[in-house]
Amino acid sequence: METPKNNDFFEQVYQVVHLIPKGRATSYGAIAKYLGSARSSRMVGWAMNTAHSRPEIPAHRVVNRNGMLTGKMHFGSPTRMQELLEGEGIQVENDQIINFTELFWNPQEELKL
DNA sequence: CACTTGACTTATT
DNA sequence: TAATAAGCCAAGT
């Protein structure tokens, strides 16, 4: 308790990302907004970058608001993210998720308080 | 210690 | 409708 500061922002991101069901995807802004700051979406991206320190962060299920695999280049291979998504049943075309609107997993509705 | 970059999003021109 | 500006905050240089 002598640490009232909330550095758990990244931890929150890890939790939410880890809660994404298989075959679904969400956006950085959705997570950030769920945490209370829609404009902190960059921090979610930074959290993903640091997520490499975490073993089971399905970052491939997190894409930008267009459903485009913006972070694909940060995986081992530029096609790794797409392979992972397709491996979960998500259709990806031209680095963009098909039916992203239907696959969109909103933490505010699924994890709504 | 100050400036730049970055897995984004929204608003304005 | 498309392009540009601003906002957010942390880490890297």
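Labels below follow one simple rule: chain letters A, B, ... track the order of the sequence lines, proteins then strands, and each chain is numbered from 1. Nothing here was measured: the structure is a model prediction, and the numbers come from that model.
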Counting only Watson-Crick and G-U wobble pairs with both atom distances below 3.5 Å, the stems of 3 or more consecutive pairs that include DNA chain B are B:2-6 with C:9-13, B:8-13 with C:2-7
Could you state the CD-P distance from A:Gln12 to C:dA10, rounded to the nearest angstrom?
15 Å
For nucleotides 2-7 of chain B, read 5' to 3', which letter fits each nucleotide if B means a protein heavy atom sits under 4.0 Å from the base, S means only the sugar-phosphate is that close, and - means neither?
----BB
I'd like to check A:Val17 versus A:Met48 (side-chain heavy atoms, cut-off strictly below 4.5 Å). Are they in contact?
yes
When rounded to the nearest 0.5 Å, the distance separating CD of A:Gln15 from CZ of A:Arg54 is 9.5 Å
With a 4.5 Å cut-off on side-chain heavy atoms, are A:Pro107 and A:Thr26 touching?
yes
Can you see whether A:Tyr14 engages A:Thr50 through a side-chain donor-acceptor pair at a distance of less than 3.5 angstrom?
yes
Sequence neighbours left out, cut at 3.5 Å: what donor-acceptor pairs do the side chains of residues 82-91 of chain A make with other protein atoms?
residue : atom : partner : partner atom : Å
A:Gln82 : NE2  : A:Glu86 : OE2          : 3.3
A:Glu88 : OE1  : A:Arg61 : NE           : 2.8
A:Glu88 : OE1  : A:Arg61 : NH2          : 3.4
A:Glu88 : OE2  : A:His60 : NE2          : 3.1
A:Glu88 : OE2  : A:Arg61 : NE           : 3.3
A:Glu88 : OE2  : A:Arg61 : NH2          : 2.8

What integer number of Å spans the P atoms of B:dT4 and C:dA6?
15 Å
What one should report as the nearest heavy-atom pair of A:Trp105 and A:Leu19 is CZ2-O, 3.7 Å
Between A:Ile20 and A:Val62, is any pair of side-chain heavy atoms under 4.5 Å apart?
yes
Below 3.5 Å is the cut-off: list the nitrogen or oxygen pairs between protein and nucleotides 10-13 of chain B, distance only.
residue : atom : partner : partner atom : Å
B:dT10  : O3'  : A:Arg39 : NH2          : 3.3

To the nearest Å, give me how far apart CG (A:Asn66) and P (B:dT9) are.
7 Å
For the atom pair CE (A:Met43) and CZ (A:Phe10), what is the distance rounded to the nearest 0.5 Å?
6.5 Å
Can you name the residues that form a ring-ring contact (aromatic ring centres under 6.0 Å, His included) with A:Phe100, not counting sequence neighbours?
A:Phe104
Report, one line per pair, each donor and acceptor closer than 3.5 Å where one atom sits in a side chain of residues 66-79 of chain A; sequence neighbours left out.
residue : atom : partner : partner atom : Å
A:Lys72 : NZ   : A:Asp95 : OD1          : 3.3
A:Lys72 : NZ   : A:Asp95 : OD2          : 2.4

Nearest-Å distance once atom C1' is located in both C:dA3 and B:dA7:
23 Å
